[in-house]
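Since the structure comes first, as structure tokens, the remarks are kept for the end.
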Amino acid sequence: FLNSVIITRIHIFITVFTTTLILIILFASINSSQFTNEKHELIGNAMQILLLLFVFVQLTFVANILLGSFTKRQINYS
């Protein structure tokens, strides 16, 4: 009942990519010994951008499901 296979594949790729980047940034920020305020600000900004991208991709997937559920598909019985 998904509307587009391409949107589904893009959703999966970007979700895995952003989740991996979020985990890498969190791991790097936790294990780093010396941080300046500039690095904290850079990490905070990167996390906000990745979170917004992640949420946008999840909403795109929900829209894909809704479009697939409410559009009429023609079934060819031949």
Side-chain angles (χ1 to χ4, degrees):
F1 58 92
L2 295 174
N3 189 40
S4 172
V5 175
I6 294 172
I7 293 175
T8 303
R9 289 182 182 167
I10 291 171
H11 164 260
I12 291 169
F13 174 75
I14 294 178
T15 299
V16 170
F17 181 72
T18 55
T19 304
T20 304
L21 283 178
I22 288 171
L23 291 175
I24 289 171
I25 291 172
L26 284 174
F27 183 74
S29 66
I30 290 171
N31 288 330
S32 186
S33 60
Q34 294 178 350
F35 268 121
T36 62
N37 285 337
E38 293 174 5
K39 289 184 181 180
H40 280 293
E41 187 176 337
L42 178 65
I43 289 173
N45 290 340
M47 291 297 285
Q48 288 178 357
I49 291 168
L50 288 173
L51 181 65
L52 287 174
L53 180 63
F54 185 80
V55 169
F56 176 74
V57 170
Q58 300 307 315
L59 292 175
T60 304
F61 185 69
V62 170
N64 190 20
I65 291 174
L66 292 175
L67 283 172
S69 297
F70 294 121
T71 57
K72 295 181 181 179
R73 294 187 183 247
Q74 294 180 353
I75 300 173
N76 189 1
Y77 291 108
S78 56

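FYI, the numbering just counts along the sequence from 1. It should be emphasised that the depicted structure is a prediction, and the values quoted were computed from it without experimental measurement.
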Do the side chains of Phe70 and Ile7 join up, straight or via other hydrophobic residues, at under 4.5 Å, putting them in one cluster? no
For the hydrophobic clusters of this structure (ILVMFWY residues joined by side-chain heavy atoms under 4.5 Å, transitively), does one cluster hold both Leu67 and Val5? no
Is there a path of hydrophobic side-chain contacts, each under 4.5 Å between heavy atoms of I/L/V/M/F/W/Y residues, joining Leu21 to Ile43? yes
To the nearest 0.5 Å, what is the distance between CE on Met47 and CD1 on Ile49? 11.5 Å
Joint hydrophobic cluster, Val57 plus Phe13, side-chain heavy atoms closer than 4.5 Å: yes
Examine Phe61 and Phe56 and state if one hydrophobic cluster contains both, with Ile, Leu, Val, Met, Phe, Trp and Tyr joined whenever side-chain heavy atoms are less than 4.5 Å apart. no
Who pairs with Thr19 by side chain to side chain contact (heavy atoms under 4.5 Å, CB included), at least two apart in sequence or on another chain? Thr15, Leu23, Phe54
For the OG1 atom of Thr60 and the CD1 atom of Ile10, what is their distance to the nearest 0.5 Å? 9.5 Å
With sequence neighbours left out, write down each residue that passes side-chain hydrogen bond (donor to acceptor under 3.5 Å, both in side chains) with Thr8, or none if nothing qualifies. Asn64
